[in-house]
Every structure is written in C-alpha cells, then in structure tokens.
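Structure first, then comments.
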There are 2 protein chains.
Amino acid sequence: MHGRGPWWREKFDQHCVRITAAREIVVNILHETDEHLSASDIYMKAHAISPEIGLTTIYRTLELLEQMRIVQKFDFGDGQARFELLNNPGGKGHHHHLICVKCKKIIDYKDFIDEEINCLGKTQDFLSQKYNFQINDHLVSFYGLCENCRGGER
Amino acid sequence: MHGRGPWWREKFDQHCVRITAAREIVVNILHETDEHLSASDIYMKAHAISPEIGLTTIYRTLELLEQMRIVQKFDFGDGQARFELLNNPGGKGHHHHLICVKCKKIIDYKDFIDEEINCLGKTQDFLSQKYNFQINDHLVSFYGLCENCRGGER
DNA sequence: TTTAAAATGAAAATGGTTTTCATTATTATA
DNA sequence: TATAATAATGAAAACCATTTTCATTTTAAA
Ligand SMILES: [Mn+2]
Ligand SMILES: [Mn+2]
Ligand SMILES: [Zn+2]
Ligand SMILES: [Zn+2]
C-alpha cells in the first residue's frame, strides 16, 4: 500500500524530476501551513531553514510543482500568486474559497461542496462535449466583505 | 422608464464621477467587443480613436469603472488583467468561463447557468450567515485544454 | 573517473501596473 | 463673468512580482 518516501515522490519520478533539498523544503513548508502562501512567504520560511536558498529557486520549484499537479496556483487579487498543496493525503482536500476584496482574507469552505461538485460535474461534461475541451480543473470563489471590513460600508 | 444619456450615466452620477471623453471612449470600447480586453488592448483601441489618451488614464478609468461595478476585472492567468462590462443592457449577461491554460483562449458559457446560480445561491446564503460575509460576487471557471491545444497530449 | 545533464543563486532584465507631479479642464462660488 | 477650488489628465519615473541570463555547483550516467 504505502510506498517508500513521501507521497509526492512518485510524481517526481514520473516527471523525471530530482528530489533536492530545496524542493523538499518547499513542499514541507506548504505541507505545514494552512495559509495561502506567496512565493516570497515561502522564500522567507525557506530562508529561515536554509539561508542559501534563492528566491529564484522558489519560483522555479513552484512552477515545477504546479506542472506536476502537486500544488495549485491562485490569484486572489492582491498582486501576487498564492499556492496551496493539491491532493495531499491528510490535507484539506478539494475546497472552494470565500475572499474579502478589501483585506484579502481567504476562507476555505467545504459546505455544500458535494452539491457544488455534482452540479459542476454536469456542466463540465456538457462543456467538454460541446467545445471539445479537456477540462482538468475548476475554480469557484465568492467575493465580498468580511466581518471586519463591512464596518463603514453598511 | 428610460433616463437621458447612456445606461451607465446614473452610476457615474451616484459616485460623483465626471463623464469625460476618455471615460466614454473606454466604456464604448468595452461595449463594442465581445472579447476580454486587457488594459493595453483598450489603450490601443482608444489611441486609434483619440491619440492623446494616455495609458495611465486607461488604468485609472478601469479601476473607477470596477469600483462603480460597471466593469469586472479578471485574471485568466496570462499575466495581465482583463476586463468586461457587467450588467450592461443588451450585453452578454452573467456567465461563466472556460479557459485553455495553454493558449489562454476564453469561452463564455451560459449552459446550465441557472442550475449553477441556483446551487451557488444556496451556498452563498449559507456562507454569508456562517462567516458573516457580505457576498457580492462569485466566479466560476473551468480550466483545461482547448481543441487545438490538446494535440500532443492525448 | 569522466562526461553530460540538471539544478542553483546572484544579478539583471522584463513588463504590467502604480505613483508622482506639473498642467489642463471642469465645477462651484462670489 | 471672474475667481477659486476641485477633479482629471499625460508623461515620466517608480514599483515590484516574476522571468531570464549566465556562471557555478550538484547529481546522474557512462
Ligand atoms: Mn484554499
Ligand atoms: Mn466573459
Ligand atoms: Zn476583510
Ligand atoms: Zn488552447
């Protein structure tokens, strides 16, 4: 059942990508947080662990991890990409987002997620037929104002 | 029923924002296209009409229009923001997107949109209660590979 | 070993977007 | 109408996340 090494090893192997110290550190950082970290967030955390790691490597690693479908990249509208692990065992699992447009607070939610996925599934099947698309992913986000930011705008 | 002037006039009035030539041109450009234009797309079109308009004004106008909820800003993952009119009479109306991650082709779809909106409505009501959020918008997008880009990857 | 390929960091370049600032246009006031 | 206050504008510069370049180091293959 269990392989030897971490869950993402086989994905590295499949893609003929080497498991280096820097890459391991990046995956671990993402594994240990439940925030949506930016490249420089990750850089700072990595730097605390291993100061010789460069920001460039962080960017390159994240792109690699994205290609291997180990991480997912998001734009929450604050001017920098943010990343989170995808399909990691014991992780949050697939979820959708609730985003405050003012303070950029992000809430992961799974309420009604099954209904949503079910509904999207139908649409997805239909669209992939109609437009001859190979659909791999979807994104559902709600935008608004969080409790704190609603203050002045009632 | 009908006011005097274009449909967006009252929004400008409400926000105490002046209707200037540049702003009118930007709205008209967005009105006449069914593409998802970037700021520099709009700049080029505006420049063809009225060469003295600066790119800065395009950016400022777009931000203003976004605040007034006349346009909606999107990130489709190609490194620049793209814009489309929101709630314009005779316009496309609310729709969702199908995006090719390779060539960045964007398809507007409304298939099953009612079911989707209905489903999302429930979630939205629930979330706004649970998290005390004022939800103003949602985004639904499918990501994948279009007909052309699927070629090598079957 | 020896050799080829992959990974890395520092520095520079890139490019979309924002800021600054001086000027011009519009509106409010006298 | 004249005058003052405010808003809008464009050019240039600054900003800043991300990418590219390039020389060096690490790793795997022969
Ligand atoms: Mn999340
Ligand atoms: Mn659209
Ligand atoms: Zn907030
Ligand atoms: Zn495509």
Side-chain angles (χ1 to χ4, degrees), chain A residues 5 8-9 11-27 29 36-68 70-83 101 104, chain B residues 5 8-9 11-27 29 36-68 70-83 101 104:
Chain A
W8 38 267
R9 166 185 276 282
K11 294 215 174 185
F12 275 65
D13 290 347
Q14 281 165 14
H15 289 260
C16 299
V17 160
R18 293 177 188 166
I19 298 176
T20 68
R23 288 168 181 175
E24 215 155 357
I25 286 172
V26 170
V27 179
I29 286 170
H36 301 82
L37 302 178
S38 67
S40 70
D41 289 339
I42 295 167
Y43 171 66
M44 288 185 294
K45 285 176 188 284
H47 192 265
I49 296 168
S50 184
E52 74 280 5
I53 296 178
L55 180 55
T56 311
T57 298
I58 303 294
Y59 275 105
R60 281 191 286 230
T61 300
L62 287 169
E63 193 189 342
L64 209 57
L65 294 173
E66 195 193 0
Q67 284 169 358
M68 294 188 288
I70 292 172
V71 312
Q72 192 168 4
K73 186 181 186 178
F74 292 94
D75 169 57
F76 292 115
D78 68 336
Q80 56 197 319
R82 293 183 175 274
F83 303 84
V101 297
K104 314 298 178 187
Chain B
W8 37 269
R9 166 185 277 281
K11 293 215 176 185
F12 274 65
D13 290 349
Q14 282 165 14
H15 288 260
C16 300
V17 160
R18 293 178 188 166
I19 297 177
T20 67
R23 288 168 182 176
E24 217 156 356
I25 286 172
V26 171
V27 179
I29 287 170
H36 301 81
L37 303 179
S38 67
S40 70
D41 290 339
I42 295 167
Y43 171 66
M44 289 185 294
K45 286 177 187 283
H47 191 265
I49 297 168
S50 184
E52 74 280 4
I53 295 178
L55 180 57
T56 311
T57 298
I58 303 292
Y59 275 106
R60 281 192 285 230
T61 299
L62 288 169
E63 194 188 342
L64 209 56
L65 293 173
E66 195 194 0
Q67 284 170 356
M68 294 188 287
I70 292 171
V71 313
Q72 192 167 4
K73 186 180 185 179
F74 292 95
D75 170 57
F76 292 116
D78 68 336
Q80 58 198 319
R82 294 183 176 275
F83 301 85
V101 296
K104 313 297 179 186

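Naming: A, B, ... by sequence-line order, numbering from 1 per chain. On a predicted model such as this, the values are computed, not experimentally measured, just so you know.
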Exercise. In this structure, are over 12 heavy atoms from other groups packed under 6.0 Å from Lys104(B) atom NZ?
Worked result: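 Counting other residues, nucleotides and ligands, NZ of Lys104(B) exceeds 12 neighbours.
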
For this session: Would you mind telling me which of Leu62(A), Leu65(A), Leu64(A) makes a side-chain contact (heavy atoms from CB on, under 4.5 Å) with Ile70(A)?
Result: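 Testing Ile70(A) for a side-chain contact (heavy atoms from CB on, under 4.5 Å) against Leu62(A), Leu65(A), Leu64(A) leaves exactly one candidate, Leu65(A).
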
For this session: Kindly determine whether Val71(B) and Lys73(B) satisfy side chain to side chain contact (heavy atoms under 4.5 Å, CB included), including the steps that lead there.
Result: CA-CA 7 Å; Val71(B) 313; Lys73(B) 186 180 185 179; 5.9 Å; no

d([atom1], [X]; [atom2], [N]) in whole Å:
{"X": "Ile53(A)", "N": "dA7(C)", "atom1": "CD1", "atom2": "C1'", "answer": "12 Å"}
{"X": "His15(B)", "N": "dA7(D)", "atom1": "NE2", "atom2": "C1'", "answer": "17 Å"}
{"X": "Arg23(B)", "N": "dA8(D)", "atom1": "CZ", "atom2": "C1'", "answer": "6 Å"}
{"X": "His47(A)", "N": "dT8(C)", "atom1": "NE2", "atom2": "P", "answer": "16 Å"}
{"X": "Gln67(B)", "N": "dA8(D)", "atom1": "CD", "atom2": "P", "answer": "12 Å"}
{"X": "Asp13(B)", "N": "dT27(C)", "atom1": "CG", "atom2": "P", "answer": "11 Å"}
{"X": "Ile19(A)", "N": "dT8(C)", "atom1": "CD1", "atom2": "P", "answer": "12 Å"}
{"X": "Ile42(B)", "N": "dG16(C)", "atom1": "CD1", "atom2": "C1'", "answer": "14 Å"}

Exercise. If each of Leu64(A) and Pro51(A) is mapped to the nucleotide of DNA chain C with the nearest heavy atom, which maps nearer the 5' terminus, i.e. the 5' end?
Worked result: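 Per heavy-atom nearest nucleotide, the more 5' residue is Leu64(A).
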
Exercise. Do Asp41(A) and Gln80(A) touch side chain to side chain, with heavy atoms closer than 4.5 Å?
Worked result: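 They are not in side-chain contact.
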
For this session: Would you please test Arg18(A) and Arg23(A) for side chain to side chain contact (heavy atoms under 4.5 Å, CB included) and show each step?
Result: CA-CA 9 Å; Arg18(A) 293 177 188 166; Arg23(A) 288 168 181 175; 4.1 Å; yes

Just the table, please: protein N/O against nucleotides 26-30 of chain D N/O, every pair under 3.5 Å.
none

For this session: Carefully, step by step, assess Phe12(A) and Val17(A) under the rule side chain to side chain contact (heavy atoms under 4.5 Å, CB included).
Result: CA-CA 5 Å; Phe12(A) 275 65; Val17(A) 160; 3.6 Å; yes

Exercise. Which word best sums up how the rings of Phe74(A) and Phe76(A) line up, parallel for under 30°, tilted for 30 to 60°, or perpendicular for over 60°?
Worked result: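 Answer is parallel, since the angle falls under 30°.
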
Problem set entry | Distance in Å, His36(B) NE2 paired with Gln72(B) CD, rounded so as to fall on 0.5 Å steps | 9.5 Å

For this session: Please test Trp8(B) against Ile19(B) for side chain to side chain contact (heavy atoms under 4.5 Å, CB included), starting from the C-alpha separation and ending with a verdict.
Result: CA-CA 10 Å; Trp8(B) 37 269; Ile19(B) 297 177; 3.8 Å; yes

Seminar exercise, completed: Whether each nucleotide of nucleotides 14-21 of chain D has a protein heavy atom under 4.0 Å at its base (B), only at its sugar-phosphate (S) or at neither (-) is summarised, 5' to 3', as ---SBBBB

